[in-house]
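I have placed the structure first, in the form of structure tokens, so that the comments after it can refer back to it.
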Protein chains: 2
Amino acid sequence: MNRLESLESFVAVVESGQFTIAADRLGIGKSVISRRVSELEEHLGALLLHRTTRTLSLTDAGREFYPRAVQVLEDLDEAEQSVSRSQQDLSGRLRLAAPLSFGLFHLSNALNGFSNLHPRVVLDIDLNDSEVDLVQEGIDLALRIGDLDNSTMVARPLAPINFVLCASPEYLQRMGTPHSAEDLAGHRGLCYSNLPEPQKWPFIDPTGRALTIRIPLQMQANNGQLLLDAASAGQGICLSPTFIAYQAILDGRLQPILTDYHIPPVTAYAVYPNRRFIPQRVRALADYLRQQFGDHPYWDDGLAHVIS
Amino acid sequence: MNRLESLESFVAVVESGQFTIAADRLGIGKSVISRRVSELEEHLGALLLHRTTRTLSLTDAGREFYPRAVQVLEDLDEAEQSVSRSQQDLSGRLRLAAPLSFGLFHLSNALNGFSNLHPRVVLDIDLNDSEVDLVQEGIDLALRIGDLDNSTMVARPLAPINFVLCASPEYLQRMGTPHSAEDLAGHRGLCYSNLPEPQKWPFIDPTGRALTIRIPLQMQANNGQLLLDAASAGQGICLSPTFIAYQAILDGRLQPILTDYHIPPVTAYAVYPNRRFIPQRVRALADYLRQQFGDHPYWDDGLAHVIS
DNA sequence: GCTATTGTTGCAAATAATGCAATAGTGTTT
DNA sequence: AAACACTATTGCATTATTTGCAACAATAGC
């Protein structure tokens, strides 16, 4: 028995849900699939699949075995690739996690570029603002903005994340333009709720003094895009990352305010588990993203005067 | 070509250093080994072994490929075992790291017991007082005493580590027995140099007050056993873990002092990388060690009055 | 109860793996 | 320097395994 081919067959069956489709996918007869899975089961001494002629389902053993089988196959491919002649030509699956807004605004394009560079790399993207456990979820690489907690993860800086305070021209005309941070106390705050203290905004004033202002809450959301849209509609003042706000500012839909104040930037990182063997495609993507964004990301290009 | 058998052959050759021995080990002809390795090389498009008829050495590609090949084979065995009928019967290699003294004093016996329970598990033990990188070194499980730094590691408490202050009866007769922590200032300290501040010893005095005493340095070493021997020989006073000192105390070679003071205990942990699939043998060993030591380890049995 | 479709099984043909023996190459010894 | 001892490789006949086709059995939907 060929253990590896049995594994492949089993995985193909699980993923396709049918022996027949799995056989087509592997380009062999369905009888071969049938026999390989049977042999594998016999070898293990455990049934992997409950099968009637019309329905197929995993047994407990199969559910346990499947992800491990996938992992073994991927690791083997990975190992072979690492020394293969066609080392340039990366392939395999790459599971990527990123925050929702950043993913939609900037990762999307970058990933398309990467995908063109390495067409045989299959990207599996999970946009999610809540932090998932990278090892448990089998994520190869995550894009994280701001502080990092897990020290055994490898973190590579990808880009600075700058912030601007902005509101619509119409709002500013109606409500008055604030000229000091303290003026914000009389304005309407559009606050990002995924922060520990959404209403407290940090500043460095023009003289270099750090201060934190509590702004009245007008609207709160866990999505920066929505808050920005609210700001555009004149709902209030928004403390937005430039990677979300830049377009609206360049368009004139939003106007930066208090630009003589400095808002402490944070950093976007590529984070990946410190495995024994880091897949080359993970390194490649981290490199590529670093190159796409870098210390002066394109979304800050027209905003030099704003982010000081 | 059977990729897996090629892998096995390659690994066997690397580990035995010869095609012939590898063939014997796998119970097949040496011609088969030769062909399998050649096929593997052809498949990869890279030479793995530099071979003349008399000498064998890894190429760069081979050096890169070998550990990954080993990993894949182990992971596959692991996956199969996890659903195998003979699940009880653990097997495979288990790489264990532990501090030197604890390893010699207490791990040794426990591991023999474990090895008898699971004879097919091969233990690969690295006794080392300096902390190594578990993932890079491919360590499955480490025994660590005291504070843990890496938060993504799984840590299971194995035993409390209590401390006693002790000296030889002869020394105490000659130099006088201290009755308060402050008395230690006039004594000779035998200090463990792997601590940030070897000469500073922490106490909780009989009234419950925490204090730190700086003791004059008589001898310093990075090995608790050596310090204990020095104490036995009347060289001075030693702050020793009970797991080292218990025998000498029960024998009367050493006498505990300041037993009305409390010395903050630390904890011994089993630490392992938070991999996606924790090998069963790793869980089993952690369980076994927990069971062998536990909240009231045997080495503290006769010392209840000492460690309060 | 019929039908369409699924997984399994039997079997002959095709394919691949194996071991043996011969071969060629290399470091060591005399 | 030449014979020696031991190594990995290769050719080839034998053996074992795998494959696909077709027939079969089983089931859900009509």
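In this text, all values refer to a predicted model and were calculated from it rather than measured experimentally. Labels below follow one simple rule: chain letters A, B, ... track the order of the sequence lines, proteins then strands, and each chain is numbered from 1. Values reported hereafter were calculated over all heavy atoms of this structure, with side chains retained and with hydrogens, waters and symmetry mates removed.
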*When all nucleic acid strands are considered with a 4.0 Å heavy-atom cut-off, which category describes A:I28: base, sugar-phosphate, or nothing?*
sugar-phosphate
*Length of the line joining A:H50:NE2 and C:dT6:C1', which is rounded to integer Å*: 18 Å
*The side chain of B:V32 lies closest to which of these nucleotides: D:dG20, D:dA8, C:dG19?*
C:dG19
*asked:* Given the structure, check if the side chain of A:S31 and the base of D:dG20 hold any donor-acceptor pair shorter than 3.5 Å.
replied: yes
*Can you tell me how far P of C:dA17 sits from CD of B:E39, to the nearest Å?*
6 Å
*Over how many whole Å does the gap from B:K30 atom NZ to C:dA22 atom P extend?*
13 Å
*B:L49 has an atom CG; how far is it from atom C1' of D:dT9, in whole Å?*
14 Å
*Should B:R35 and B:E39 count as an ion pair when the cut-off is N to O under 4.0 Å?*
no
_Applying side chain to side chain donor-acceptor pair (under 3.5 Å) to A:Q81 and A:D77, what does each step give before you reach the verdict?_
CA-CA 6 Å; A:Q81 247 182 71; A:D77 286 343; over 6 Å; no
_A:R3 CZ - D:dT18 P separation (whole Å)_ = 14 Å
*Is the phosphate of D:dA8, meaning OP1 or OP2, less than 4.0 Å from a side-chain N or O of B:Q18?*
no
*Within the structure, does a side-chain N or O atom of B:R36 lie under 4.0 Å from either OP1 or OP2 of C:dT18?*
yes
*Interatomic distance where CG belongs to A:D24 and C1' belongs to C:dT5 [whole Å]*: 14 Å
*Take the angle between the ring planes of A:F65 and A:F10 and call it parallel below 30°, perpendicular above 60°, tilted in between.*
tilted
*Ignoring backbone atoms, establish whether A:T20 has a side-chain N or O less than 4.0 Å from OP1 or OP2 of C:dG7.*
yes
*Whole Å only: how far is the CG atom of A:L47 from the P atom of C:dT8?*
10 Å
*asked:* As a test of reading the structure: which of D:dA8, C:dT8, D:dA28 is closest to the side chain of A:T55, going by heavy atoms?
replied: D:dA28
_Residue pair A:E78, A:R275: steps toward the salt bridge (charged side-chain N to carboxylate O under 4.0 Å, His left out) verdict_ = CA-CA 13 Å; A:E78 187 63 35; A:R275 292 196 275 177; over 6 Å; no
*Let me know the distance between CD of B:E5 and P of C:dA17, rounded to the nearest Å.*
8 Å
*Could you tell me whether B:D60 and B:R63 have a side-chain N and a carboxylate O separated by less than 4.0 Å?*
yes
*Per the atom types in the model, does the base of D:dG20 pair as donor or acceptor with the side chain of A:R35 at under 3.5 Å?*
yes
